[in-house]
Every structure is written in C-alpha cells, then in structure tokens.
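Order of the sequence lines fixes the chain letters, A, B, ..., with proteins taken first and strands second; residue numbering starts at 1 for each chain.
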Protein chains: 2
Amino acid sequence: MPNQPNISSDADSESASGTLRRIEGDACCDGPFPATRRVEETALDAELSSFKALANAKRLKIVHALREGELCACELETVLDAPQSTVASHLRKLRDAGVVNTRKEGKWTYYRIADTASLQLLDLAAALGEDR
Amino acid sequence: MPNQPNISSDADSESASGTLRRIEGDACCDGPFPATRRVEETALDAELSSFKALANAKRLKIVHALREGELCACELETVLDAPQSTVASHLRKLRDAGVVNTRKEGKWTYYRIADTASLQLLDLAAALGEDR
DNA sequence: CATGTATATCGGTATATCTCGATTTAACTT
DNA sequence: AAGTTAAATCGAGATATACCGATATACATG
C-alpha cells in the first residue's frame with residue numbers, strides 16, 4: 001500500500017494542483033478520505049448491465065439501426081450479415097439488459113429501443129464518438 | 001434467410017403495427033430497405049471503446065469515484081480494494097479509451113474524468129439505473 | 001548513489017464472452 | 001395434420017478479458 005500525495009506541505013502547493021483539497025498528514029490511502037468514496041456494489045448493477053450490453057460491435061450496430069425505428073429479427077440479420085443464431089443471442093442480451101423491447105406479431109418479433117433514457121444514452125455516446 | 005413481415009397486404013395492417021411503413025411485396029430481408037440501414041463500422045469504434053471501457057464492475061466503480069473529482073492511483077486502490085497491478089491495468093484501459101485523463105505530479109499520478117461528454121454519459125447511465 | 005515508494009508492464013492462468021451449426025419452439029398456411 | 005418459416009435455445013470450440021504475482025520504471029530523499 002502506498003503512502004501520500006500530500007499537497008499543502010510543499011512550496012508548490014498552489015501551482016499545479018490548486019484545485020485539490022487533501023487531508024494533512026502522512027497518509028494517502030490510510031487516511032479516512034478515500035474510504036468514504038467507496039461505491040455500493042448494487043447501485044452499479046443496472047448501469048453495468050447496460051454498458052455490457054452495448055460493449056459489443058454487433059449489438060451496437062443493432063441499436064444504431066433501431067434508433068430510426070423498430071425492426072424485426074430477420075431484418076436485423078441483414079443489418080449484421082450474421083447467422084440467425086448469432087443475431088438471436090445478441091438480441092437476447094440486449095433484451096435482458098433492458099436496452100430493447102420486443103413486440104410479437106405472428107411469426108415475427110419486432111425489436112425497438114426500450115425507453116427514452118436508453119435512446120439518450122445512445123445519442124450522447126454517438127456525439128462522444130464524433131470529436132475524437 | 002427469412003422472408004417477410006409485410007404489413008400492408010393484410011386486413012390488420014393498421015391495427016397493431018400502424019407506425020410501420022414497409023415495402024410491398026414478398027420480401028423482408030431481400031427488400032432494399034434494411035440494407036440502407038447498415039451502419040458503417042468505423043463510426044462506431046470510438047463509441048464502442050467507451051462502452052467497453054465502462055463494461056466492467058471495477059472500472060465503473062473507478063469512474064463513479066472520479067465523478068466527485070480527481071484521485072491518484074493509490075487512492076483508487078483503496079476504492080477497489082484490489083492489488084496494485086489490477087488497478088493499474090484497469091486505469092490503463094480507461095485511459096486508452098479516452099474516458100479518463102492523467103496528470104503526473106512527482107511520484108503520483110492523478111486520474112480524472114476526461115471530458116464533459118464522458119461525465120454526461122455517466123450521469124445519464126446513473127439515472128438510467130435508478131428506475132429499474 | 002543507495003533506498004523507499006508509486007505506478008506501469010509482463011506473463012501465465014482463470015474466467016467470461018462470442019460464434020454458429022443443430023435442434024426446438026411457435027405460429028402461419030394449405 | 002403436415003409442411004413451412006421465424007425465432008429461440010443448446011452446446012462446444014474459439015476468442016477475449018480479467019486477475020495478480022513478479023518485475024521494471026520513475027521519482028524522491030537520505
């Protein structure tokens with residue numbers, strides 16, 4: 001375990017790290033401060049499952065296609081140009097993660113982005129990709 | 001390859017799927033329509049790398065901790081309660097994906113969320129997790 | 001320059017995810 | 001009911017990612 005990035009003891013306190021406000025003393029990770037930043041496991045689960053669902057090229061391609069409106073599973077086979085079983089398993093994961101919803105109509109199953117939050121997430125992520 | 005979810009030929013055209021506008025004829029995936037929805041590979045890469053970076057419990061924990069401000073690597077060891085090499089490799093991935101930036105000060109390396117877009121993404125994802 | 005400390009990288013193993021043919025299920029058609 | 005088609009599930013091999021001890025690097029300080 002390390003020891004300290006103590007800021008206010010040296011002469012260059014205000015120079016590069018003026019925005020920091022750290023505890024005094026000789027401890028970084030022994031201090032009380034980082035412990036209070038530990039995040040609860042459960043709160044991240046829903047978030048994590050969304051990110052996991054979108055962390056795959058084929059699934060990302062699917063949700064991009066679905067931003068313009070719903071499509072049925074067979075149409076998504078064309079979008080991905082992949083075998084039916086492959087597409088089906090990706091759709092399963094998107095559904096389990098709550099990113100997409102399904103609507104069954106006869107033989108066909110239509111997929112669409114589940115909610116506006118997911119849509120926003122995708123829009124923001126797309127914007128993020130633009131300027132890099 | 002499948003065949004068709006042709007809408008406008010049956011009696012129940014307007015009932016359940018009134019919002020759809022599909023081509024006439026006998027083709028679903030053979031029609032010209034889904035092909036135009038194929039997404040270019042390269043445009044998704046930046047997006048994908050961000051999602052991949054966030055699709056891991058430990059890394060998600062890191063960025064959550066960083067939302068309140070920058071932290072040095074040793075402090076993040078405390079946050080994750082994981083060996084130094086494990087934390088370092090996760091930080092590497094977040095950095096490579098452009099999610100976090102680093103600032104070196106003496107022995108210490110400080111990490112922070114890279115840009116406002118990434119921060120927005122995290123906020124939105126957090127909000128998404130709330131109502132599920 | 002020798003020592004201590006923070007962090008990065010390496011390398012091998014463990015674990016998870018992806019892929020896709022084969023099979024099953026469900027729904028329409030004749 | 002038999003045949004056809006869309007989609008879901010299964011299972012096993014291929015690929016990728018996570019983990020973490022060991023080692024290397026970088027910086028500070030005696």
Kindly indicate whether the side chain of Val79(A), heavy atoms from C-beta on, has any atom under 4.5 Å from the side chain of Glu75(A). no

Separation of atom CZ in Arg103(A) from atom P in dA7(D), rounded to whole Å: 12 Å

CG of Leu80(B) versus P of dT7(C): gap in Å, rounded? 13 Å

Is Arg103(B) close to Thr109(B) at the side-chain level, that is, under 4.5 Å between some pair of heavy atoms? no

Going through the checks in order, is the side chain to side chain contact (heavy atoms under 4.5 Å, CB included) test met by Leu80(B) and Thr86(B)? CA-CA 9 Å; Leu80(B) 288 196; Thr86(B) 299; 5.8 Å; no

Can you tell me if the side-chain N/O atoms of Lys52(B) get under 4.0 Å from OP1 or OP2 in dT17(D)? yes

Return whichever of Tyr111(B) or Asn56(A) has its heavy-atom-nearest nucleotide of DNA chain C closer to the 5' end. Tyr111(B)

Is the shortest side-chain heavy-atom distance between Leu122(A) and Leu54(A) below 4.5 Å? yes

If the cut-off is 4.0 Å, is Lys58(B) near the phosphate of dC19(D), judged by side-chain N/O to OP1 or OP2? yes

According to side chain to side chain contact (heavy atoms under 4.5 Å, CB included), who are the partners of Arg95(B), at least two apart in sequence or on a separate chain? Val100(B), Thr102(B), Tyr111(B)

Starting from C1' on dT17(C), measure out to CG on Leu94(A) and report it in whole angstrom. 14 Å

CZ of Phe51(A) versus P of dT17(C): gap in Å, rounded? 16 Å

note: Ile62(A), atom CD1; dC18(C), atom P; distance rounded to Å ~ 11 Å

The side chain of Glu77(A) is closest to which nucleotide in this list: dG21(C), dT7(C), dA7(D)? dA7(D)

Asp96(B) CG to dT9(C) C1', in whole Å, measures 12 Å

Can you confirm whether Arg67(A) sits close enough to Asp123(A) that some side-chain heavy atom of one is under 4.5 Å from a side-chain heavy atom of the other? yes

Counting only side-chain N and O atoms of His90(A), is one of them less than 4.0 Å from OP1 or OP2 of dT19(C)? yes

Leu60(A) CG to dT17(C) P, straight-line distance once rounded to whole Å: 17 Å

Could you go through nucleotides 22-24 of chain C and list every protein N or O atom that sits under 3.5 Å from one of its N or O atoms, giving the distance for each pair?
none

When the nearest nucleotide of DNA chain C is assigned to Thr109(B) and to Lys104(A) on a heavy-atom basis, which residue is associated with the more 5' position? Thr109(B)

For Arg92(A) and dA8(D), is the shortest distance between a side-chain N/O and OP1 or OP2 below 4.0 Å? no

Hey, what do you get for NZ (Lys58(A)) to CG (Leu44(B)), rounding to the nearest 0.5 Å? 12.5 Å

With heavy atoms under 4.0 Å as the rule, sort Arg59(A) into base, sugar-phosphate or nothing. sugar-phosphate

Does dC19(D) have OP1 or OP2 under 4.0 Å away from a side-chain N or O of Thr86(B)? no

Below the 4.0 Å mark, does dT4(D) have OP1 or OP2 next to a side-chain nitrogen or oxygen of Lys107(A)? no

Do the side-chain N or O atoms of Lys93(B) get closer than 4.0 angstrom to the phosphate oxygens (OP1, OP2) of dA18(D)? yes

Is it true that a side-chain atom of Arg59(A) and a backbone atom of His90(A) form a donor plus acceptor pair closer than 3.5 Å? no

